[in-house]
Amino acid sequence: MSAPDSATPALNAAMLEAVEFVHAEGWDAPPTLFALVPTALLADQLADPDEASPLTLVVQDLPSHILPGSDELGDYLSRLAWPTEVEGVILAQEITFRDTADADEDSEVAPRPARLYSGVLRAEGVELTLLQMRPTEEELAEGDPFAEDRINLRGGPGVAPGVLLALRYGLEQDPEAVD
């Protein structure tokens with residue numbers, strides 16, 4: 001799965017699966033790191049391998065004291081070296097986001113809790129960042145019983161380039177050379 005043509009849809013599918021997994025865990029969660037492994041390598045270990053999904057998410061244990069967006073998380077990511085069987089990596093973390101897209105120059109935009117999903121594949125240039133805003137108290141109070149369950153994702157180029165760089169760095173390292 002090294003061709004970029006097939007890699008982008010594979011990362012998109014893996015990202016959506018990661019979003020659903022993390023969203024099911026609820027808000028106020030620690031960072032979640034996923035290794036993306038070709039499903040074909042794990043097919044005999046999976047109860048129902050999804051042939052439509054070329055990559056399978058494998059949740060990685062992070063030290064419990066590492067906070068989202070912290071220098072410690074960045075340091076931890078910079079020390080990882082993934083074996084060649086790992087095709088990519090996704091990191092989900094809760095952040096505070098100031099959405100200035102719809103604001104005019106004179107208004108102050110309050111920061112909001114959000115989830116940042118950042119994913120990269122070994123294939124050159126294949127990366128994706130998605131943002132999920134946490135519903136506000138006002139949105140929850142509007143009487144919509146499913147407001148907490150709704151997942152609205154945003155994305156775009158140039159979002160969280162440092163996170164993507166840190167994730168890609170781990171894929172480029174030789175696991176035999178890292179202590």
Side-chain angles (χ1 to χ4, degrees), residues 1-2 4 7-8 10-38 55-101 103 108-136 151-179:
M1 208 207 51
S2 59
T8 299
L11 180 58
N12 292 346
M15 287 285 277
L16 290 178
E17 189 177 343
V19 166
E20 290 173 3
F21 179 92
V22 171
H23 187 74
E25 297 292 311
W27 289 92
D28 303 315
T32 305
L33 183 64
F34 301 94
L36 303 177
V37 179
L55 297 172
T56 297
L57 301 175
V58 180
V59 178
Q60 305 298 299
D61 290 329
L62 290 174
S64 60
H65 65 279
I66 292 182
L67 299 174
S70 67
D71 289 341
E72 204 169 16
L73 176 59
D75 181 57
Y76 183 84
L77 292 174
S78 72
R79 290 183 282 120
L80 294 177
W82 297 98
T84 56
E85 293 82 10
V86 174
E87 287 285 333
V89 185
I90 294 174
L91 175 67
Q93 60 180 320
E94 293 186 18
I95 63 168
T96 302
F97 181 75
R98 189 180 310 268
D99 186 3
T100 58
E108 180 67 26
V109 178
R112 283 182 59 182
R115 283 194 188 111
L116 180 69
Y117 297 91
S118 305
V120 297
L121 295 183
R122 286 188 191 275
E124 187 64 34
V126 180
E127 55 189 37
L128 180 62
T129 301
L130 299 173
L131 186 70
Q132 176 188 9
M133 302 302 288
R134 185 175 188 163
T136 64
I151 300 174
N152 294 314
L153 298 172
R154 303 176 187 184
V159 178
V163 177
L164 294 171
L165 186 65
L167 294 174
R168 184 163 303 286
Y169 180 80
L171 292 170
E172 295 170 349
Q173 300 312 299
D174 179 3
E176 302 295 324
V178 177
D179 292 328

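If you're wondering where the values come from, they're calculated on a predicted model, not measured in any experiment.
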Closer than 3.5 angstrom, by distance alone: can the side chain of [X] be matched with the main-chain N or O of [Y] as a donor-acceptor pair?
X      : Y      : result
Arg122 : Leu171 : yes
Arg98  : Glu108 : no
Arg168 : Gly88  : no
Gln173 : Leu80  : no
Thr129 : Val159 : yes

Is any side-chain heavy atom of [X] closer than 4.5 Å to a side-chain heavy atom of [Y]?
X     : Y      : result
Met15 : Ile90  : yes
Thr32 : Glu25  : no
Trp27 : Pro135 : yes
Leu77 : Val89  : no

Could you list the donor-acceptor pairs under 3.5 angstrom formed by side chains in residues 58-68, with sequence neighbours left out?
residue	atom	partner	partner atom	Å
Gln60	NE2	Val58	O	3.0
His65	NE2	Glu72	OE2	2.9

Please enumerate all residues that pass salt bridge (charged side-chain N to carboxylate O under 4.0 Å, His left out) together with Asp28, with sequence neighbours excluded. Arg134

Phe21: partners by ring pair (Phe, Tyr, Trp, His ring centres under 6.0 Å), with sequence neighbours left out: Phe34

Say you draw a straight line from [atom1] of [X] to [atom2] of [Y]; how long is it, rounded to the nearest 0.5 Å?
X      : Y      : atom1 : atom2 : answer
Glu127 : Thr8   : CD    : OG1   : 10.0 Å
Leu121 : Leu11  : CG    : CG    : 4.5 Å
Ile151 : Arg115 : CD1   : CZ    : 8.0 Å

So which atom in [X] and which in [Y] form the shortest heavy-atom distance, rounded to 0.1 Å?
X      : Y      : answer
Leu164 : Gly119 : CD2-O, 3.7 Å
Ala35  : Val86  : CB-CG1, 4.0 Å
Leu55  : Glu17  : O-OE1, 4.4 Å
Ser118 : Leu167 : O-CD1, 3.3 Å
Phe97  : Ala114 : CB-CB, 4.1 Å
Ala18  : Leu57  : N-CD1, 3.5 Å

